[in-house]
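Heavy atoms only: backbone and side chains are in, while hydrogens, waters and symmetry mates are out. Since the structure is predicted, the reported quantities are computational estimates derived from the model, not experimental observations. Numbering of ligands and ligand atoms starts at 1, following listing order.
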Amino acid sequence: MSDSLPSPADLHVHSNRSDGTESPREVVRQARAAGLGLIGLTDHDTVSGWEEAASAARETGMGLLPGAEFSSKHRGGGVHVLGYLFDPTDAPLASLMSRVRDDRLGRAERLVGNLSRDYPLTWDDVLAQRSGDATIGRPHIADALVAAGHVADREEAFRGPLHPAGRYYVGHLAPKPADVVRALVGAGGVAIIAHPAGRGMLSDEAIRELLDAGLAGFELGHRENSAQGAARLREIADARNLIVTGSSDYHGAGKPNVLGEHTTDPVMLERIVHAGTGAEPVFG
Ligand code: AMP
Ligand code: FE
Ligand code: FE
Ligand code: ZN
């Protein structure tokens, strides 16, 4: 059956419903132009792009795995959990997402307040960079800093005024990763840790707790993973027969990541499709 699933598959892609720079429709179009057969749309803490992406996928003959990237925090460090094929109307999961989105708004406003001590910048300048009710984050503030000429690009903004160790930074509310995983499983979804060997590497104990909560696997193919960390996680994945994925984390013009720079093995895609019961994939 894996032969019949669309490929190649890139399972971690952002649109302007969070911090990507292209609409869901445009992202599907770009993915097709890049030669991909299927994408996972995984905007931060929202499902608002699902409908538009699904209709674009049907029209253009692309595959779509509806998903999201959930913000969470473990011992103060950010952990991103990719969720696929969950029921977006599941009350506990929907409320978890809307609480995070709401808190992100106040947090961004406080961050802009702090920045405005040294960088002439208003909240309206930031809202001008946001598309509709997109999940707001530091990338939109970065874009406002770029538009005002304070920095050259998002990268410079993240290295400077938006850096978590800097004087302006404000964090946002984030649930524990195990709680996100449990909520996802409860909503029929499949939970995969995004870029698990990036800046913060989870301890073996934290990984065990996540697996007990129902974690399905790791995003091992991602430009931010260290080779050493990914090798360690592959051992765990092999020993426990977990799902492993590879993806670009495309953000349009917001990041250098290129569609299809990492892809997911069809056998692994099939396992995700088989395990996810809360939403329907589109096989254009
Ligand atoms: P936030 O969740 O609001 O704290 O912002 C984090 C988001 O910023 C992540 O989703 C990343 O996609 C994005 N990000 C982090 N570092 C960079 C960077 N150097 N350039 C562009 N985007 C970045
Ligand atoms: Fe992002
Ligand atoms: Fe992420
Ligand atoms: Zn991402």
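- Given atom 14 (N) of ligand 1, the protein heavy atom at minimum distance is Phe158 CZ, 3.4 Å.
- Under the 4.0 Å criterion applied to side-chain N and carboxylate O atoms, Arg29 and Glu26 are assigned as salt-bridge partners.
- Note on Asp143 versus Arg154: salt bridge recorded, some NZ/NE/NH1/NH2 to OD/OE distance being below 4.0 Å.
- Among the backbone and side-chain atoms of His195, none of the N, O or S atoms lies under 2.8 Å from the Zn ion (ligand 4).
- Looking from atom 19 (N) of ligand 1 to the surrounding protein, the closest heavy atom is Glu155 OE1, 2.9 Å.
- Of all N, O or S atoms in Asp249, the one lying closest to the Zn ion (ligand 4) is OD1.
- Proximity to Gly137 (heavy-atom distance under 4.0 Å) selects the following atoms of ligand 1: 3 (O).
- At the shortest separation from atom 21 (C) of ligand 1 among protein heavy atoms lies Gly254 O, 3.4 Å.
- Residue-level proximity to ligand 1 for Asp19 is carried by the side chain, the only part with a heavy atom below 4.0 angstrom.
- Between Glu69 and His80, the side chains place a donor N or O and an acceptor N or O closer than 3.5 Å (distance only, hydrogens not considered).
- Counting only N and O atoms by type, the side chains of Arg104 and Ser71 include a donor and acceptor under 3.5 Å apart.
- Residue contact check: Pro139 has heavy atoms under 4.0 Å from atoms 5 (O), 7 (C), 8 (O), 13 (C) of ligand 1.
- In terms of protein heavy atoms, atom 11 (C) of ligand 1 is closest to Lys255 NZ, 3.5 Å.
- The nearest protein atom to atom 12 (O) of ligand 1, hydrogens excluded, is given as His251 NE2, 2.9 Å; this is a heavy-atom distance.
- At a heavy-atom distance under 4.0 Å, no atom of Glu69 approaches ligand 1.
- Glu156 and Arg159 are not joined by a salt bridge, as no carboxylate oxygen comes within less than 4.0 angstrom of a charged side-chain nitrogen.
- For the residue pair Asp10 and Ser248, a side-chain donor N or O sits within less than 3.5 Å of a side-chain acceptor on the partner.
- Sorting the N, O or S atoms of Glu69 by how far they are from the Zn ion (ligand 4) puts OE1 first.
- Looking at Glu59 and Arg32, no side-chain N of the basic residue comes within less than 4.0 Å of a carboxylate O on the acidic one, giving no salt bridge.
- Ring geometry, His12 versus His222: the interplanar angle falls from 30° to 60°, so the pair is classed tilted.
- For the pair Arg107 and ligand 1, the shortest N or O to N or O distance falls below 3.5 Å.
- Atom CZ of Arg167 has 12 or fewer heavy atoms from other residues, nucleotides or ligands within 6.0 Å.
- By the criterion of a heavy-atom distance under 4.0 Å, neither the backbone nor the side chain of His14 is placed next to ligand 1.
- The shortest N or O to N or O distance between His80 and ligand 1 is not under 3.5 Å.
- Look at Lys255 and Asp19 and you find no salt bridge, because none of the NZ, NE, NH1 or NH2 atoms lies under 4.0 Å from a carboxylate O.
- Nearest N/O/S atom of Glu69 relative to the Fe ion (ligand 3): this is OE2.
- Considering just the N/O/S atoms of His80, the one nearest the Fe ion (ligand 3) carries the name ND1.
- Residue His195 approaches the Fe ion (ligand 3) most closely through its N/O/S atom NE2.
- When His163, His44, Arg138, Arg104 are ranked by how near their heavy atoms come to atom 4 (O) of ligand 1, first place goes to Arg138.
- Heavy atoms of other residues, nucleotides or ligands lying less than 6.0 angstrom from CZ of Arg234 number 12 at most.
- For a distance bound of 2.8 Å, the N, O or S atoms of His14 include one lying that close to the Zn ion (ligand 4).
- Between the side chains of Glu22 and His14, no donor-acceptor pair is found at a separation under 3.5 Å.
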